[in-house]
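Because only heavy atoms are used, hydrogens play no part in the values below, and waters and symmetry mates are left out as well, while side chains stay in.
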Amino acid sequence: MNNQRKLKYGTIVFVLSIINVVLLAIIGIGFIFLNGFIQMILNVEFESTSDILNIAFNMLGLIVALMAVFVLFAGYKAQYSKGWNIAIVVVCGFILLSYSISSFDLFTIALYGSLLVFAILNIIDANNQESSTYKAKSATDLESKLKALNDLFDKGLISHEEYQASRQEAIRKID
C-alpha cells in the first residue's frame with residue numbers, strides 16, 4: 001500500500017469516516033441504554049416479550065458494531081484505493097436514499113453527502129493517476145521502440161522505407 005500515492009481527498013474521507021464511527025458508537029450505546037430502560041419498564045411480567053426485545057436490541061447492536069468496523073476500515077483504505085472509495089459511494093448512496101425516503105435529518109444527510117462527494121473526488125483523482133501513469137509508460141514504450149527501430153536501421157537490417165513505415169506506425173499507435 002505504501003507504494004501507492006495517497007489520493008487527494010483521502011484524509012478527508014478518513015476523518016469523515018472516523019466521525020461516522022463515533023456516531024455509530026453513540027447509537028450502539030443508545031441501544032444498550034434503551035434496552036435496559038425497556039427491560040426495567042417491562043420488568044418480569046412479560047418475560048417472553050422481554051427475551052424477544054433483548055434479542056432484537058442485541059442484533060441491532062451487533063449490526064451497528066459491524067457497520068462501525070466497516071466504515072473505519074473503508075475510510076482508512078479509501079486514502080489509497082479507488083475500489084474502497086467506490087464501496088463508500090455505494091454505501092453512502094444507499095444510506096442517503098433511505099434517509100431521503102424515511103426522514104430528513106440534516107446532519108446525517110450532510111455527513112453522508114460530504115463523504116459521498118469526497119469519495120467521488122477520490123475516484124476521479126485515482127482515474128487521473130492511472131491515466132498519467134499510462135501516458136508516462138506509453139511514452140517510455142514509444143521511446144524504446146523508436147530506439148530499437150533506429151538500431152535496426154543503423155545495422156542495415158531494415159530498409160529506409162521499412163524504418164519510416166514502422167516509425168509512423170509506432171507513433172500512430174501511441175496517439
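Using a 4.5 Å cut-off on side-chain heavy atoms (C-beta onward), Tyr163 and Leu152 make no contact. Ile12 has its side chain within reach of Leu16: a pair of non-hydrogen atoms, C-beta onward, lies under 4.5 Å apart. Between Asn85 and Val89 there is no side-chain heavy-atom pair separated by less than 4.5 Å. Inter-residue side-chain proximity for Phe94 and Val90 is flagged as unmet; no heavy-atom pair is nearer than 4.5 Å. With contacts defined as side-chain heavy-atom distances shorter than 4.5 Å, the pair Leu146/Asn150 does not qualify.
In this view, Lys147 and Glu143 satisfy the salt bridge (Lys or Arg N to Asp or Glu O under 4.0 Å) rule, not counting sequence neighbours. Taking the ring pair (Phe, Tyr, Trp, His ring centres under 6.0 Å) definition, one finds that Phe57 meets it with nothing, sequence neighbours left out. A search for side chain to side chain donor-acceptor pair (under 3.5 Å) contacts involving Asn127 returns Lys82, not counting sequence neighbours.
Linking Ile, Leu, Val, Met, Phe, Trp and Tyr whenever their side-chain heavy atoms come within less than 4.5 Å leaves Met67 and Ile32 in two separate clusters. Hydrophobic clustering places Ile63 together with Ile95 (ILVMFWY residues linked when any side-chain heavy atoms are closer than 4.5 Å, directly or through intermediates). Hydrophobic clustering (ILVMFWY, side-chain heavy atoms < 4.5 Å, transitive): Leu72 and Leu66 are in distinct clusters. Phe73 and Ile18 end up in the same hydrophobic cluster when Ile, Leu, Val, Met, Phe, Trp and Tyr side chains are linked at under 4.5 Å.
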Please walk me through it: do Leu115 and Leu111 pass side chain to side chain contact (heavy atoms under 4.5 Å, CB included)? CA-CA 6 Å; Leu115 196 52; Leu111 175 65; 5.7 Å; no
Assess whether side chain to side chain contact (heavy atoms under 4.5 Å, CB included) is satisfied between Asn58 and Leu62, documenting all intermediate values. CA-CA 6 Å; Asn58 285 339; Leu62 180 63; over 6 Å; no
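The salt bridge (charged side-chain N to carboxylate O under 4.0 Å, His left out) pairs that include a residue from residues 116-125 are Arg5-Asp125, where partners are two or more places apart or lie in different chains. Screening residues 8-19 for side chain to side chain donor-acceptor pair (under 3.5 Å) gives Lys6-Thr11 as the qualifying pairs, with residues at least two apart or on separate chains.
Between the Gln164 side chain and the Glu161 main chain, no donor and acceptor come within less than 3.5 Å of each other. Gln168 places no side-chain N or O within 3.5 Å of a backbone atom of Ala165 that could act as its donor or acceptor partner.
Ring geometry, Phe70 versus Trp84: the interplanar angle falls from 30° to 60°, so the pair is classed tilted.
For the side chain to side chain contact (heavy atoms under 4.5 Å, CB included) with Ile123, the qualifying choice from Ile86, Leu7, Asn128 is Ile86, the only one to do so.
Remark: His160 NE2 to Arg167 CZ distance equals 10.0 Å, nearest 0.5 Å.
Taking Ile, Leu, Val, Met, Phe, Trp and Tyr as members and joining any whose side-chain heavy atoms lie under 4.5 Å apart, directly or through other members, the hydrophobic cluster of Ile29 also contains Phe33.
Here the closest non-hydrogen pair linking Leu149 and Ser166 is CD2-CB, 3.5 Å. Heavy-atom minimum distance, Ala170 versus Lys145: CB-CD, 3.6 Å. Nearest heavy-atom pair, Leu116 versus Gly93, reported as atom, atom and distance to 0.1 Å: CD1-N, 4.0 Å. Considering all non-hydrogen atoms of both residues, Asn20 and Tyr112 come closest at OD1-OH, 3.0 Å. The two residues Ala78 and Val13 come nearest to each other via the heavy atoms CB-CG1, 3.8 Å. Considering every non-hydrogen atom in both Ile88 and Ala119, the closest pair reads CG2-CB, 3.9 Å.
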